[in-house]
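Keep in mind that this is a model prediction, so the values were computed, not measured.
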Amino acid sequence: MLNNKVQQASPLMVILAYAVVYIVWGSTFFFIEKALHSFPPFILGSFRFITASILLMGYCVLKGYKIFNKRAIRDSIVVGFLLLFIDMGGLIWAEQYVSGGVAAIIAAAAAIWFVILDKPKWKENFSSQSTIAGLILGFCGVILLFVEQIIASKSSANKEITVIALVIMVLGSIAWTAGSLYSKYQKKSQKEEQEDLHVSVKTAWQMITAGVLFTVVASLNGEFSRFSFQQVTPIDWFNISYLIVFGSILAFSSYIWLLSVRPATEVSTYAYVNPIVALVLSYFFSSHAVTSTQVIGLVIILVSVLLMNWKLYKNNKMVAKITKTTIADRRKSIRLRNQRDAVIRKDIKKTEVAN
């Protein structure tokens, strides 16, 4: 479970970090779609994650972080395979056939799979009316998007590939959830915790895993043999550079930093903003039409995510209120104690003068 411990931080830095997480992560769906004009899907994934991993690992080496730990690397390989290869690979491939806006809306529905797959939380989740309502509503939103995309397809062949793309994105979301839960429930001894790698190092290993797998697939399916650097337009070099520097490194670093200085439930609000950013970019800067059905589907899914997290938000609000009250009581106690000590010192001084 994410830690809600809050440290002091510059308000300006917090605002800038939120701007990066909200806007940059939301825009990656759009930039993936654009970069696919020049890069085949698995070459795109290969270039993105190999380059990002080299940059991030180089930074970790310069910072003097520990690089090797057998268990941490093994866990990073599993997480990198599920989150960055299966989920991101499915997303990149699917965006050949569906818009970045639709892909972002489907990605926002990942909360559904957390409720279903998080077995230790089943009793808590399925005893909550708001969670069950959110789950049902989320499924309705996803089904609505499937129907909308199928109807929008002009031929039976297009309908078939569109359905395959949507299913692959859903399966990718399931893989992302499985990888997240695997990471969450890994039990470590106190010694293993002390010997664990820095989060940036583990992320770099995850990216290396994904980059290698993307490269292997791109080699086996013939993408590299058909690919030519001359076919890449200058704008698409910018697009992939944006994904590497801003999407894979800057946005992730901002997210991790925000978790250390702001409540985790507040930071998680990026899930509500990202699909809106993606849909706006898709509407204004791509040839894809943003339909009223897509907007309705987005609203339904975002409301479902809110309902599924309602109990968590409510509990954290209560904890924050209790913490605030406790701090206020402690300050009052200290103030009264100081006043009492001042009176005692004054009485002692009077007694000394009298004597």
Least distance between heavy atoms, [X] atom then [Y] atom:
X: Ser173; Y: Ala107; value: OG-CA, 4.2 Å
X: Phe30; Y: Ser282; value: CD1-N, 4.4 Å
X: Gly222; Y: Ser225; value: O-OG, 2.7 Å
X: Asn239; Y: Asp236; value: ND2-OD1, 2.8 Å
X: Leu117; Y: Ile174; value: CD1-CG2, 3.9 Å
X: Ser38; Y: Thr233; value: OG-N, 3.3 Å

Might you confirm whether atom [atom1] of [X] has over 12 heavy atoms from other residues, nucleotides or ligands at distances under 6.0 Å?
X: Ile23; atom1: CD1; value: no
X: Phe146; atom1: CZ; value: yes
X: Tyr65; atom1: OH; value: yes
X: Gln231; atom1: CD; value: yes
X: Glu160; atom1: CD; value: no
X: Phe246; atom1: CZ; value: no
X: Phe285; atom1: CZ; value: no

Does [X] belong to the same Ile/Leu/Val/Met/Phe/Trp/Tyr cluster as [Y], with side-chain heavy atoms less than 4.5 Å apart forming each link?
X: Met57; Y: Phe68; value: yes
X: Ile143; Y: Ile106; value: no
X: Ile15; Y: Tyr22; value: no
X: Leu171; Y: Val78; value: yes
X: Leu250; Y: Leu62; value: no

For the [atom1] atom of [X] and the [atom2] atom of [Y], what is their distance to the nearest 0.5 Å?
X: Met207; Y: Ser248; atom1: CE; atom2: OG; result: 4.5 Å
X: Thr293; Y: Gln149; atom1: OG1; atom2: CD; result: 10.0 Å
X: Ser241; Y: Phe31; atom1: OG; atom2: CZ; result: 11.0 Å
X: Leu55; Y: Ile244; atom1: CG; atom2: CD1; result: 7.5 Å
X: Trp176; Y: Phe114; atom1: CH2; atom2: CZ; result: 4.0 Å
X: Gln294; Y: Leu144; atom1: CD; atom2: CG; result: 9.5 Å

So does [Y] get a backbone contact from the side chain of [X], meaning a donor-acceptor N/O pair under 3.5 Å?
X: Ser27; Y: Val24; result: yes
X: Thr131; Y: Ser127; result: no
X: Ser183; Y: Ser180; result: no
X: Ser128; Y: Asn125; result: no
X: Glu223; Y: Ile43; result: yes
X: Glu95; Y: Ile92; result: no
X: Trp113; Y: Ala175; result: no

### Query
Which residue pairs pass the salt bridge (Lys or Arg N to Asp or Glu O under 4.0 Å) test with at least one member in residues 75-88, sequence neighbours excluded?
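Matches after skipping sequence neighbours: Arg71-Asp75.
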### Task
Fit a plane to each ring of Phe229 and Phe227, take the angle between them on a 0 to 90° scale, and name the class: parallel (under 30°), tilted (30 to 60°) or perpendicular (over 60°).
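Ring orientation of Phe229 relative to Phe227: perpendicular.
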### Parallel, tilted or perpendicular, as decided by the 30° and 60° cut-offs, for the rings of Tyr255 and Tyr270
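Ring orientation, 0 to 90° scale: perpendicular.
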Using a 4.5 Å cut-off on heavy atoms from C-beta on, say whether the side chain of [Y] contacts that of [X].
X: Ile276; Y: Leu302; value: yes
X: Phe49; Y: Val212; value: no
X: Phe224; Y: Phe42; value: no
X: Glu148; Y: Ile296; value: no
X: Leu44; Y: Leu243; value: yes
X: Arg48; Y: Phe39; value: no
X: Ile86; Y: Phe81; value: yes
X: Cys60; Y: His198; value: no

### Query
Would Phe29 and Ile32 satisfy side chain to side chain contact (heavy atoms under 4.5 Å, CB included), going step by step from the backbone distance to the final call?
CA-CA 5 Å; Phe29 297 93; Ile32 286 171; 5.6 Å; no
### Task
Under the side chain to side chain contact (heavy atoms under 4.5 Å, CB included) rule, what do Leu306 and Tyr272 come out as? Steps first, then yes or no, please.
CA-CA 9 Å; Leu306 178 63; Tyr272 301 97; 4.0 Å; yes
#### Entry: Derivation and outcome, side chain to side chain contact (heavy atoms under 4.5 Å, CB included), residues Tyr97 and Leu166
CA-CA 9 Å; Tyr97 309 104; Leu166 292 169; over 6 Å; no
### Query
After noting the C-alpha distance and the side-chain angles of Asp196 and Lys202, does the key distance pass the side chain to side chain contact (heavy atoms under 4.5 Å, CB included) rule?
CA-CA 9 Å; Asp196 202 10; Lys202 290 192 283 189; 3.0 Å; yes
#### Entry: Counterpart residues, side-chain hydrogen bond (donor to acceptor under 3.5 Å, both in side chains), relative to Ser76 (two or more places apart)
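Residues passing side-chain hydrogen bond (donor to acceptor under 3.5 Å, both in side chains) with Ser76: none at all.
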